[in-house]
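Worksheet: one structure, shown below.
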There are 2 protein chains.
Amino acid sequence: MNGKVTIYDIAKKLNITAATVSRALNGNQNISEKTRKMVLEAAHEMNYKQNKLALALKSGRSNYIGVIVPRINTNFFGSVIRGLEEELNAKGFNIIITQSHNDEAMEAKNIETLIDSHVDAIFISSSSKSSKALQKVLDAKIPLIFFDRRKIMDNVSSVTIDDFTGGYMATKHLIDTGCRKIAHIVSGPIELEIFRERHRGYQQALEDHHIEYRKEYVLKTNSSIEEGKRAVDILFNLPEKPDAIFSASDFVALGAIQELQARNIKVPEEVSVIGFANEPFTDFLELSITTVDQFPLEMGRTAARVYLNQETNPENKNIQKKVVLEPKLILRKSTR
Amino acid sequence: MNGKVTIYDIAKKLNITAATVSRALNGNQNISEKTRKMVLEAAHEMNYKQNKLALALKSGRSNYIGVIVPRINTNFFGSVIRGLEEELNAKGFNIIITQSHNDEAMEAKNIETLIDSHVDAIFISSSSKSSKALQKVLDAKIPLIFFDRRKIMDNVSSVTIDDFTGGYMATKHLIDTGCRKIAHIVSGPIELEIFRERHRGYQQALEDHHIEYRKEYVLKTNSSIEEGKRAVDILFNLPEKPDAIFSASDFVALGAIQELQARNIKVPEEVSVIGFANEPFTDFLELSITTVDQFPLEMGRTAARVYLNQETNPENKNIQKKVVLEPKLILRKSTR
DNA sequence: CTGTTAGCGCCTTCAA
DNA sequence: TTGAAGGCGCTAACAG
């Protein structure tokens, strides 16, 4: 009744030894069917619970998995975590979720904490410019798996989407629908690969269609509605105003649309807008937003499987696997 | 470099004993300044990390806190968790977040897992009709703290908002602005107190203003956009159509508005709509939604403090504390 | 001030 | 098939 029953208690009651109880409980073969049954029954009666802490100390494996994301309250990260959960819980792992709030110091602290907690692996969508903190994970011999936001590191598997293609297809769609003066909002630290790649896709699409790349059309912001408004403020004070905006974030796209409408600029007739991530709200706005889907659920599941596969097959241990998912353009009303 | 340095390694190197190293590391007074310094330096040099698992086994305290919510990817729960994080991380606790996905069996499983993991406390927004699984937490002598969705249980503290008042103020606002045929959508299991109370507030407001309560105006649904549409479908096939809808969920309110607009019914001119929770999207829709704010960040912080206070002062141990926060009506465009 | 000892709960050799 | 013993890493008596 107390949750404090140990194998010794069972042993004492049954006049056997703790080792035997342990064997019975763990399906060890070297034990008589009779004692096994006896032990199992007693364990059930006494409401025995294995102490995972002791097991962890003994085995060196905690069955905890650490997850670090910028924020949990978006559909994107929520869904990735759901995918991780599905696969990892089924294998008996617990997930410890931590948020970096896009702060490098906070992320480093979370990493420290997870290492200290002896998690069996760390899944991270990293907000860090430096790999210093991440290197500590490897130094501690803890498997590290990137998803979405990865860093270039040896011996680390990753599951990402092809952000270059995402940026390319978004930009190409704008071009295909007649836009020529296409602005791009880098709605996050350009030091992060995802934003660099989306930007590169944008650049490449322009080049392939012989459209000049203009520095003044590329803005760097954070991922917030406010920043989207601010971006429009800047862009539409330029001598030559854009006729389309490709934002690397849905939230910034939303802010941009709001500000455009506030200025009585028609979306998409005068200006087309594309976001990124396919957050649910992009769909249920009156003026729904064209965006790029990143398949977060699948990303989570895949990341989990990559890890499980590494762990199960020791020969895969040091094989870094880079899975790249294809993004998908979702056409809605904010583009022509 | 390996993360496997123990106090014995340090002791050996320094020709002292592990106990002394432990003392030095833990700020014990009974130790000479000289040895303390020596140990601290060596520990740093050898990159010593305390093994939390061993500490947990020894002390019986894991420094893990379990949190169970229906879903993490809403602003409401995301913010509550942020509040919990702020307060608990500062005190050295790690947070394990689990999702019940509004499923009673899943919630029971999460509870089991957290108990097995020897968490020091469990914070829960419960989706369960029965208290059976929750009782196990108490049986295991683990402190339990409810937030938002509580159950009636002895010896359990809770932090909630006054859902009755929330329902009342929403309904009263509709009445005050001229609505008389007010429908209510119970957008979740009526077995849960929050939905019962919001409904009760609705009922009381009608009564206080001498408006008849009509069974056919009260619908039970899940919390999804689709269900909001379906609700309107039902309500507007009634002989006498409502002129207002109070939904206990923002998502259902959104679906309702979408369906009303699809039917060319003007919001709020013909039908006013109020949601609940103040999810961000209610604000940034073109037709922003009037709703009830629940102060989730404060809820999380408060819940954490209630627990910390109980733990710190043993005399508070068995005092259940019921904190009730006041909700706030947020006026927007979906009501007159 | 420091060392010795024991034990948290479990599992796993090694013997018997 | 079972028991005895040791150890995972740490801390807290108890001695000295």
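Only this structure's heavy atoms are used, side chains among them; waters, hydrogens and symmetry mates stay out. The structure displayed is predicted, hence computed values, not measured ones.
- More than 12 heavy atoms of other residues, nucleotides or ligands lie within 6.0 Å of NZ in A/K322, so this atom counts as buried by the packing criterion.
- For B/F123, the ring-ring contact (aromatic ring centres under 6.0 Å, His included) partners are B/Y307, not counting sequence neighbours.
- Checking A/N73 against B/T74 by side-chain atom types alone, no donor-acceptor pair falls below 3.5 Å.
- Of all nucleotides in DNA chain D, those with any atom nearer than 4.0 Å to a heavy atom of chain A start and finish, going 5' to 3', at D/dT1 to D/dG9.
- Salt-bridge annotation for B/K136 and B/E112: present, with a side-chain N of the basic residue lying under 4.0 Å from a carboxylate O of the acidic one.
- Put simply, the side chain of B/P70 does not reach to within 4.5 Å of the side chain of B/Q99, judged on heavy atoms.
- For B/N28 and B/S59, each mapped to the nucleotide of DNA chain C holding its nearest heavy atom, the one lying further toward the 5' end belongs to B/N28.
- Of all nucleotides in DNA chain C having an atom under 4.0 Å from a heavy atom of chain A, the first and last in 5' to 3' order are C/dG9 to C/dT13.
- Side-chain contact, A/H101 with B/R82: a donor N or O sits under 3.5 Å from an acceptor N or O.
- Residues of residues 16-27 of chain A that place a heavy atom closer than 4.0 Å to DNA chain D, in numerical order, are A/I16, A/T17, A/A19, A/T20, A/R23.
- Considering only residues two or more places apart in sequence or on other chains, B/N26 meets the side chain to side chain contact (heavy atoms under 4.5 Å, CB included) condition with B/S22, B/Q50.
- With respect to B/K13 and B/E45, a salt bridge is recorded, a charged nitrogen being found less than 4.0 Å from a carboxylate O.
- Applying the ring pair (Phe, Tyr, Trp, His ring centres under 6.0 Å) rule to pairs touching residues 10-67 of chain B yields A/Y64-B/Y64, sequence neighbours excluded.
- Remark: B/S125 OG to B/M299 CE distance equals 8.0 Å, nearest 0.5 Å.
- Among the heavy atoms of the strands lying under 4.0 Å from B/I7 is at least one base atom, whether or not backbone atoms are also near.
- For the segment residues 29-37 of chain A, residues with any heavy atom less than 4.0 angstrom from an atom of DNA chain D are, sorted by number, A/N30, A/I31, A/S32, A/T35.
- The terminal axes of the helix from C/dC1-D/dG16 to C/dA16-D/dT1, fitted over 5 pairs per end, subtend an angle of 50° to the nearest 10°.
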**OP:** Give the C-alpha distance, both sets of side-chain angles, the deciding distance and a yes or no for side-chain contact (heavy atoms from CB on, under 4.5 Å) between A/T113 and A/T98.
**Re:** CA-CA 10 Å; A/T113 309; A/T98 66; over 6 Å; no
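- By the ring-ring contact (aromatic ring centres under 6.0 Å, His included) test, B/F295 is found to be paired with no residue, residues two or more places apart in sequence or in another chain being considered.
- The list of salt bridge (Lys or Arg N to Asp or Glu O under 4.0 Å) pairs with a residue in residues 25-36 of chain B, not counting sequence neighbours, reads B/E33-B/R36.
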Side-chain donor-acceptor pairs under 3.5 Å in residues 142-155 of chain A, sequence neighbours left out?
residue: A/R149; atom: NH1; partner: A/N102; partner atom: OD1; Å: 3.0
residue: A/R149; atom: NH1; partner: A/S127; partner atom: OG; Å: 3.2
residue: A/R150; atom: NE; partner: A/E193; partner atom: OE1; Å: 2.6
residue: A/R150; atom: NE; partner: A/E193; partner atom: OE2; Å: 3.3
residue: A/R150; atom: NH1; partner: A/S158; partner atom: OG; Å: 3.3
residue: A/R150; atom: NH2; partner: A/E193; partner atom: OE2; Å: 3.0
residue: A/K151; atom: NZ; partner: A/S128; partner atom: O; Å: 2.8
residue: A/K151; atom: NZ; partner: A/K129; partner atom: O; Å: 2.9

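- Here A/T35 pairs with A/S32 under the side chain to side chain donor-acceptor pair (under 3.5 Å) rule; sequence neighbours left out.
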